[in-house]
Novice: 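Quick one: this structure, given as structure tokens, is what I'll be asking you about.
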Amino acid sequence: MSMNLDFIAELYIPVVLIACLVIGVVLKKWYPLDNKWIPTILVVVGAVLGCVANGGISLDSVVAGMVTGLASTGLHQAFKQLLKLDVPESTESTCLDRKTAESLIQADMDAAQKEHVEALDTDQAEG
């Protein structure tokens, strides 16, 4: 049994899609907002704009706007993946070579050992 979801494409309102895409990009770039809130904001904005675009408040307008607002989030992600945006040019600058990694691990182990010895000395002095 397959599910046909073609009816969702009929709900898209192009003007609302573009408006929500622009609003989402502006929120992401220029407002100190956790990214997890952007889809929620765009669903609400899409619902309002859907009512405006369809000329009145109805369940169809609200749902079409909500679907379109959420679709703008997916469209942004698709563009980002397609154009490979937000990908560093080289991952070499974020990688450590083996010697550096080993020296950092050794320094952490030495510091932990020193703390352990100091804690033992403190316990023996108190006891």
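The figures here come from the full heavy-atom set of this structure, side chains too, leaving out hydrogens, waters and symmetry mates.
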Novice: What distance do Asn35 atom CG and Thr73 atom OG1 have between them, rounded to the nearest 0.5 Å?
Specialist: 10.5 Å

Novice: Less than 4.5 Å apart, side chain to side chain, heavy atoms only: is that true for Asn54 and Asp60?
Specialist: no

Novice: Once you round to the nearest 0.5 Å, how far does OG of Ser61 lie from CG of Leu49?
Specialist: 11.5 Å

Novice: Are Val45 and Tyr31 co-members of a hydrophobic cluster defined by side-chain heavy atoms under 4.5 Å apart?
Specialist: yes

Novice: Ignoring hydrogens, what is the shortest heavy-atom contact between Val16 and Ala53? Give both atom names and the distance.
Specialist: CG2-CB, 4.0 Å

Novice: In Å and rounded to the nearest 0.5 Å, what is the SG to CE distance from Cys51 to Met66?
Specialist: 10.5 Å

Novice: What is the distance from atom OG1 of Thr40 to atom CG of Leu70, rounded to the nearest 0.5 Å?
Specialist: 8.5 Å

Novice: Check whether any side-chain heavy atom of Thr68 lies under 4.5 Å from a side-chain heavy atom of Val15, and answer yes or no.
Specialist: no

Novice: Can you name the closest pair of heavy atoms from His76 and Val25 and give their distance?
Specialist: CD2-CG2, 3.8 Å

Novice: What distance do Ile23 atom CD1 and Leu42 atom CG have between them, rounded to the nearest 0.5 Å?
Specialist: 7.0 Å

Novice: Applying a strict under-4.5 Å side-chain criterion to I, L, V, M, F, W and Y, I'd like to know whether Val43 and Val62 cluster together.
Specialist: yes

Novice: Atom CD of Glu102 and atom CE of Met109: how far apart are they, to the nearest 0.5 Å?
Specialist: 11.0 Å

Novice: Transitively linked via ILVMFWY side-chain contacts under 4.5 Å: Val26 with Leu33?
Specialist: yes

Novice: Which atom names give the shortest non-hydrogen contact between Ser72 and Leu21, and what distance separates them?
Specialist: O-CD1, 3.5 Å

Novice: Linking I/L/V/M/F/W/Y whenever their side-chain heavy atoms sit closer than 4.5 Å, directly or via other members, would Leu27 and Trp30 fall into one cluster?
Specialist: yes

Novice: Would Leu17 end up clustered with Phe79 when hydrophobic side chains under 4.5 Å apart are linked, directly or stepwise?
Specialist: yes

